[in-house]
Amino acid sequence: MTEAPIIDVDNLTTAFGTHVVHKDLSLKIYPKEILALVGGSGSGKTTLLRQILGLDRPRAGIVRVFGRPVHDYVGAERVALTHRWGMLFQAGALFSALPVFDNIALPLREMRNLPEDLIREVVLMRLSWMGLTAQDAALMPSALSGGMVKRVALARALALDPELLFLDEPTAGLDPQRSDEFVELIRVLHRELGFTVVMVTHDLDTIAALATRVAVLAEKKVLVEGTLEKVMETKHPFFDAFFHGERAVRAFGATNSKDTDHGKS
């Protein structure tokens, strides 16, 4: 690709004591793509997300976000950076004591300079994106189905119209129908809003339906990255088990016929 990456991980080494998670790991993520991070248990997928978000410091290497080292953003610049990305946690991470409206409004209110009538307008718009209504805004998280929790959490992640969206196992806990509906919602929003997606997932159907590029973590690094077709051609024990098992055949059987342009704009 000729355009500059929105995220550039350069020779990253991550270690906790003597335990090395990443060794000389490099990865570039480009604007408007949907990158799926996959790998076995303990391969460091979530740890890599934490490094990109600047929550941990690497032992070596550098992570650049929007062209600058992520740890160079401090003070007000760090706050402004967090307004440029949204995060969807695996279990939603809604605040149980707050109704739906206040959960979505929270990042808007943290800006401290938005009038309440504008906040209400934005919250109701985000709810409408999710197929939810003003009546749903009054519900408490305990009254929501699993699918609604995901939608409310996604509405909160998109409250500030971010350029980057991080998804941690976005379809975990959903039945097949709700999973398909949620994947389609993400695909439509991605196409219409043009944000970049970094997605950690082990769900083969989600990878096949959403990812424009796949990066596989193994042996403490990104062992291979590229289109799903390219990744599936790699000869390696992990790839044989993950991409060529019975579940993979079901999920990827229609890969060649799917719309590979869904991530382009």
Side-chain angles (χ1 to χ4, degrees), residues 5-30 33-74 77-78 81-82 84-93 153 157 164-173 196-204 206-207 210-211 213-226 228 230-245 247-248:
I6 197 168
I7 296 170
D8 186 358
V9 182
D10 186 15
N11 289 317
L12 184 76
T13 295
T14 306
F16 301 98
T18 59
H19 177 59
V20 178
V21 180
H22 306 133
K23 178 67 174 177
D24 297 328
L25 183 154
S26 294
L27 178 67
K28 298 181 188 298
I29 301 169
Y30 295 91
E33 72 173 333
I34 301 179
L35 179 89
L37 283 174
V38 302
S41 178
S43 60
K45 302 182 297 296
T46 299
T47 301
L48 179 57
L49 271 192
R50 291 181 60 85
Q51 294 284 10
I52 293 171
L53 292 167
L55 299 176
D56 296 326
R57 285 188 176 271
R59 179 165 294 181
I62 193 165
V63 177
R64 296 180 182 87
V65 181
F66 299 116
R68 291 178 56 188
V70 68
H71 290 290
D72 280 5
Y73 294 93
V74 295
E77 285 189 326
R78 172 68 185 182
L81 174 64
T82 64
R84 299 178 70 181
W85 64 44
M87 178 78 198
L88 176 66
F89 298 94
Q90 180 173 337
L164 260 173
L165 179 63
F166 296 96
L167 306 176
D168 186 9
E169 298 288 359
T171 56
T196 302
V197 178
V198 181
M199 171 177 66
V200 171
T201 185
H202 69 278
D203 185 74
L204 301 171
T206 300
I207 295 168
L210 276 182
R213 199 159 57 95
V214 179
V216 181
L217 272 62
E219 301 176 5
K220 300 182 173 60
K221 61 185 178 181
V222 175
L223 197 61
V224 66
E225 56 83 17
L228 178 58
K230 173 185 174 182
V231 168
M232 290 178 67
E233 292 171 356
T234 303
K235 303 300 182 184
H236 187 276
F238 172 79
F239 295 80
D240 293 341
F242 190 87
F243 290 106
H244 299 287
R247 290 179 65 246

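Remember, it's a predicted structure, so these values are computed and weren't measured experimentally.
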Student: Between atom CG of L167 and atom CD1 of I34, what is the distance when rounded to the nearest 0.5 Å?
Tutor: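 If we round to the nearest 0.5 Å, L167:CG and I34:CD1 are 8.5 Å apart.
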
Student: For a side chain to side chain contact (heavy atoms under 4.5 Å, CB included) check, start with the C-alpha distance between D168 and F89, then their side-chain angles and the critical distance, and finish with the verdict.
Tutor: CA-CA 5 Å; D168 186 9; F89 298 94; 5.6 Å; no

Student: Can any side-chain N or O of H71 pair as donor or acceptor with the backbone N or O of D56 at less than 3.5 Å?
Tutor: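 Pair found, side chain donor or acceptor close to backbone of D56.
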
Student: Taking T47 for the side chain and G44 for the main chain, is one N or O donor matched with an acceptor at less than 3.5 Å?
Tutor: no

Student: Looking at E225, is its backbone amide N or carbonyl O close enough to the side chain of K230 to form a donor-acceptor pair, meaning the two atoms are under 3.5 Å apart?
Tutor: yes

Student: Which distance, rounded to the nearest 0.5 Å, do you find between the CG of L25 and the CD of Q51?
Tutor: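 Taking CG in L25 and CD in Q51, the distance rounds to 9.5 Å.
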
Student: Run the side chain to side chain contact (heavy atoms under 4.5 Å, CB included) check on D10 and S26 step by step: do they pass?
Tutor: CA-CA 5 Å; D10 186 15; S26 294; 4.0 Å; yes

Student: In Å and rounded to the nearest 0.5 Å, what is the CH2 to CD1 distance from W85 to I7?
Tutor: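 Taking CH2 in W85 and CD1 in I7, the distance rounds to 8.0 Å.
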
Student: For a quick test of reading the model, state the closest non-hydrogen atom pair linking S43 to G40 and the distance between them.
Tutor: OG-O, 2.7 Å

Student: Using modelled atom types and a 3.5 Å cut-off, is there a donor and acceptor pairing between side-chain atoms of Y73 and backbone atoms of V65?
Tutor: yes

Student: How about K45: does its NZ atom have over 12 heavy atoms from other parts shown lying under 6.0 Å from it?
Tutor: yes

Student: I need the minimum non-hydrogen distance between M87 and A157, along with the two atoms involved.
Tutor: O-CB, 3.6 Å

Student: Once rounded to the nearest 0.5 Å, what's the spacing between atom CG of L48 and atom NE2 of H22?
Tutor: 5.0 Å

Student: Do L27 and L37 have side chains that approach each other closer than 4.5 Å (heavy atoms only, starting at C-beta)?
Tutor: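 Yes, at least one pair of side-chain atoms sits under 4.5 Å.
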
Student: Evaluate side chain to side chain contact (heavy atoms under 4.5 Å, CB included) for L35 paired with V197, printing each intermediate quantity in order.
Tutor: CA-CA 6 Å; L35 179 89; V197 178; over 6 Å; no

Student: What I want to check is whether the side chains of T206 and T201 have a donor and an acceptor closer together than 3.5 Å.
Tutor: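 Result is no, nothing qualifies.
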
Student: With the side chain counted from C-beta on, respond yes when R50 and T14 share a heavy-atom pair under 4.5 Å apart, and no when they do not.
Tutor: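 Heavy-atom side-chain distance check fails, nothing below 4.5 Å.
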
Student: Find the distance between CG (L165) and OG1 (T196) and round it off to the nearest 0.5 Å.
Tutor: 9.5 Å

Student: Which heavy atom of E33 sits nearest a heavy atom of K28, and at what distance?
Tutor: OE2-O, 4.1 Å

Student: Just verifying a value: how many Å separate I6 CD1 and I52 CD1, rounded to the nearest 0.5 Å?
Tutor: 11.0 Å

Student: Closest approach of G92 and A153, non-hydrogen atoms and distance?
Tutor: O-CB, 3.6 Å

Student: Is there a side-chain contact between V63 and D8, using heavy atoms and a 4.5 Å cut-off?
Tutor: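 No, every pair of side-chain atoms sits at 4.5 Å or beyond.
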
